[in-house]
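Report on one structure; see the data block that follows.
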Amino acid sequence: MKLTAQVKLLPSQEQYDALQKTLETANRACNYISEQAWETGTFGQFKLQKLTYATVKGNFGLSAQVAVLCAKKVAEAYRLDKRTKRTFKPTGSIAFDDRILRWYTEKQFVSIWTLAGRIKIPYTCGERAKQLLQTRQGESDLVFRDGVFYLLATCNIEEPEPIDIDAVLGVDLGIKNIAVDSDGEVFSGAVVNGFRHRHRRLRAKLQSKGTKSAKRLLKKRKHKEQRFATDVNHTIAKRLVEKAECTKRAIAVEELTGIRERTKARKPQRATQSSWSFYQLRSFIEYKALLVGVPVISVDPRNTSRTCPVCGCVDKRNRPNQSTFSCCQCNFAGFADHIAACNIASRAAVIPPYAASARIAASPRL
């Protein structure tokens, strides 16, 4: 499994200027390569490299390997869609491989190629990143974010053997409640949604004011909402994976890809729906589960909150409101998100190779 270790570079002012100039020059070279690719219809990496290599080296002063990596960046950008001309920001990230970047993890510095030559720059990172760097492999990306340079290194982690599974832990993802599992534990979204709402009001107020002090405050609070929501998702994912590991259960989650296109929201709810970070939470659950050998199963989300776990009745009337489930056929009632999580667990339990655990997992703890 591949994970990313992020380290913060601590360059001097001279080194900072050299990194910035190198980044800007490399991205100008990428724009030139993209122009040639668009005009000639050449989008393959090796053909594009052959077409632009000599010019990029001569006109932009880049080393051979940086010229190759710039051509690779452009080719990868066109791989998804060749109908739109690609342009690159002056401070967009650039990949460095072992030919132009060397890591000294014991002394915590890197030797990196720039237009000013090779320079040695110290870096800082957390203990988790230090452990990941021991398995670093392949390219590292130089990233410029909010005036700070970072290196994002790809690390190859060995996956443990999957644990023996006795049942399935269903997880229902939502906006009002970020997650509810089939054991009945609720991870409320009230704090995150309130935090987002306050930030939206504050941003609107500062943007309408438009003074220098307001702009400074906007810049200072940039990404604060995102960091808070990410930390909450990390915490929820960690607790769910720990519970599944201790009880020897797989984790079942809904396949919610494209849900924003499939559903409509009223105007007051659009901002809340667009900021719903369900994909990030699911990705956190998946990689944390993989690290401890807990399987993660995707299930069809259709009617999970409208299906009665007792009689199997599926009806819109089973959901009189957001939080309540009341079966119109057998009168079974309960907390809607909990029942949805139990239905998710039941569906996952009949997916091979977990069919043998269907009887155990399908019994909701209501």
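For the residue pair Thr42/Gln36, the side-chain donor-acceptor check at 3.5 Å is not satisfied. In summary, the side chains of Gln207 and Lys215 do not present any donor paired with an acceptor at a separation below 3.5 Å, with no hydrogens or angles considered. Checking Asn27 against Lys73 by side-chain atom types alone, a donor-acceptor pair falls below 3.5 Å. When only modelled atom types and interatomic distance are considered, Arg216 and Thr211 share no side-chain donor-acceptor pair under 3.5 Å. There is no side-chain donor-acceptor pair under 3.5 Å between Glu35 and Asn31. Residues Glu254 and Ser298 bring no donor and acceptor atom of their side chains to less than 3.5 Å of each other. No hydrogens or angles considered: a donor-acceptor pair under 3.5 Å links the side chains of Thr324 and Asn321.
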### Asp166 vs Arg249, salt bridge (charged side-chain N to carboxylate O under 4.0 Å, His left out): CA-CA, chis, key distance, verdict
CA-CA 6 Å; Asp166 296 329; Arg249 285 184 285 180; over 6 Å; no
### Query
Are Glu185 and Arg239 close enough, and set up right, to give a salt bridge (charged side-chain N to carboxylate O under 4.0 Å, His left out), and what steps lead you there?
CA-CA 10 Å; Glu185 185 173 5; Arg239 289 179 60 178; 2.3 Å; yes
#### Entry: Residues Leu23, Leu19; criterion side chain to side chain contact (heavy atoms under 4.5 Å, CB included); working and verdict
CA-CA 6 Å; Leu23 207 59; Leu19 287 174; over 6 Å; no
### Task
Given side chain to side chain contact (heavy atoms under 4.5 Å, CB included), test Asp81 with Arg86 step by step and report yes or no.
CA-CA 9 Å; Asp81 180 16; Arg86 296 291 190 259; 3.4 Å; yes
### Query
So Thr154 and Glu139, side-chain hydrogen bond (donor to acceptor under 3.5 Å, both in side chains) or not? Walk me through it.
CA-CA 7 Å; Thr154 303; Glu139 297 176 353; over 6 Å; no
### Task
Start with the C-alpha distance between Val292 and Ile163, add both sets of side-chain angles, then the distance that settles side chain to side chain contact (heavy atoms under 4.5 Å, CB included), and finish with yes or no.
CA-CA 8 Å; Val292 295; Ile163 63 175; over 6 Å; no
### Residue pair Phe149, Tyr16: steps toward the ring pair (Phe, Tyr, Trp, His ring centres under 6.0 Å) verdict
CA-CA 8 Å; Phe149 282 100; Tyr16 184 96; 5.2 Å; yes
### Task
Decide yes or no on side chain to side chain contact (heavy atoms under 4.5 Å, CB included) for Cys330 and Cys313, but give the supporting numbers first.
CA-CA 8 Å; Cys330 69; Cys313 172; over 6 Å; no
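In terms of heavy-atom proximity, Gly170 sits nearest to Ala345 at N-CB, 3.6 Å. In plain terms, the two heavy atoms of Ser305 and Phe325 that are nearest each other are O-CD1, 3.5 Å. Heavy atoms only, all atoms of each residue included: Tyr78 and Ser34 are closest at OH-OG, 2.8 Å. In plain terms, the two heavy atoms of Leu133 and Ala153 that are nearest each other are CD2-CB, 3.9 Å. Of all non-hydrogen atoms in Ser323 and Phe335, the two that sit nearest each other are O-CD1, 3.2 Å. Closest non-hydrogen pair, Ala129 versus Ala5, comes out as O-CB, 4.1 Å.
A salt bridge links Glu255 to Arg282: at least one charged side-chain nitrogen sits closer than 4.0 Å to a carboxylate oxygen. A salt bridge is defined here as a Lys NZ or Arg NE, NH1 or NH2 lying under 4.0 Å from an Asp or Glu carboxylate O, and Lys243 with Asp181 meets this definition. A salt bridge does not link Asp97 with Arg102: every distance from a Lys NZ or Arg NE/NH1/NH2 to an Asp or Glu carboxylate oxygen is 4.0 Å or more. Ion pair Glu24/Arg28 not flagged as a salt bridge, since none of the NZ, NE, NH1 or NH2 atoms sits closer than 4.0 Å to an Asp/Glu carboxylate oxygen. Salt bridge status for Asp98 with Arg136: present, with a side-chain N to carboxylate O gap under 4.0 Å. In summary, Lys288 and Glu242 do not engage in a salt bridge, as defined by a charged side-chain N under 4.0 Å from a carboxylate O.
When hydrophobic clusters are built by joining Ile, Leu, Val, Met, Phe, Trp and Tyr residues whose side-chain heavy atoms come closer than 4.5 Å, directly or via intermediates, Val68 is not grouped with Tyr32. With hydrophobic clusters built from ILVMFWY side chains whose heavy atoms lie under 4.5 angstrom apart, Trp103 shares a cluster with Phe96. Linking Ile, Leu, Val, Met, Phe, Trp and Tyr whenever their side-chain heavy atoms come within less than 4.5 Å puts Tyr279 and Val296 in one cluster. Hydrophobic cluster membership is shared by Leu115 and Phe144, with clusters built from Ile, Leu, Val, Met, Phe, Trp and Tyr side chains linked at under 4.5 angstrom. There is a path of hydrophobic side-chain contacts, each under 4.5 Å, that joins Phe278 to Phe228.
For the pair Thr307 (side chain) and Thr304 (backbone), a donor-acceptor distance under 3.5 Å is absent. Checking side-chain atoms of Thr25 against main-chain N and O of Lys21 turns up a donor-acceptor pair under 3.5 Å. At least one donor-acceptor pair closer than 3.5 Å links the side chain of His338 to the backbone N or O of Ser182. Not a single donor-acceptor pair under 3.5 Å links the side chain of Asn177 to the backbone N or O of Val186. One N or O on the side chain of Asn193 and one on the backbone of Ile175 form a donor-acceptor pair closer than 3.5 Å. Judged by distance alone, the side chain of Gln15 and the main-chain N or O of Ser12 form a donor-acceptor pair under 3.5 Å.
Under a cut-off of 6.0 angstrom, the local environment of CG in Asp164 is sparse, with at most 12 non-hydrogen atoms contributed by other residues, nucleotides or ligands. Other residues, nucleotides and ligands contribute over 12 non-hydrogen atoms within 6.0 Å of the OH atom of Tyr104. By the neighbour-count criterion of 12 heavy atoms within 6.0 Å, atom CZ of Arg302 is sparsely surrounded, having that number or fewer from other residues, nucleotides or ligands. Shown here is Glu39, whose CD atom has more than 12 heavy atoms of other residues, nucleotides or ligands within 6.0 Å. For CZ of Arg145, the number of neighbouring non-hydrogen atoms (other residues, nucleotides, ligands) closer than 6.0 Å is greater than 12. Taking a 6.0 Å sphere around NZ of Lys209, one finds it holds 12 or fewer heavy atoms contributed by other residues, nucleotides or ligands. Within a 6.0 Å sphere centred on CZ of Arg221, other residues, nucleotides and ligands contribute more than 12 heavy atoms. Taking a 6.0 Å sphere around NZ of Lys82, one finds it holds more than 12 heavy atoms contributed by other residues, nucleotides or ligands.
Aromatic ring pairs are classed by plane angle as parallel below 30°, tilted from 30° to 60° and perpendicular above 60°; the pair His199 and Phe195 is tilted.
Atom-to-atom distance recorded for Asp172:CG and Ile178:CD1 is 12.5 Å, nearest 0.5 angstrom. The distance from atom OG of Ser93 to atom CG of Asp141, rounded to the nearest 0.5 Å, is 5.0 Å. The distance from atom CD of Gln108 to atom CD1 of Ile121, rounded to the nearest 0.5 Å, is 14.5 Å.
For an aromatic pair to be called close, the ring centres must be under 6.0 Å apart, and Tyr123 with Phe109 fails this.
Val299 is not listed as a side-chain neighbour of Val253, based on a closest heavy-atom distance of 4.5 Å or more. Taking the side chain as every heavy atom from C-beta outward, Ile251 and Val294 approach each other to under 4.5 Å. Contact check for Lys248 versus Ile165: no side-chain heavy atoms found under the 4.5 Å cut-off.
Just one residue in the list Ile119, Leu9, Leu142 forms a side-chain contact (heavy atoms from CB on, under 4.5 Å) with Val110, and that residue is Leu9.
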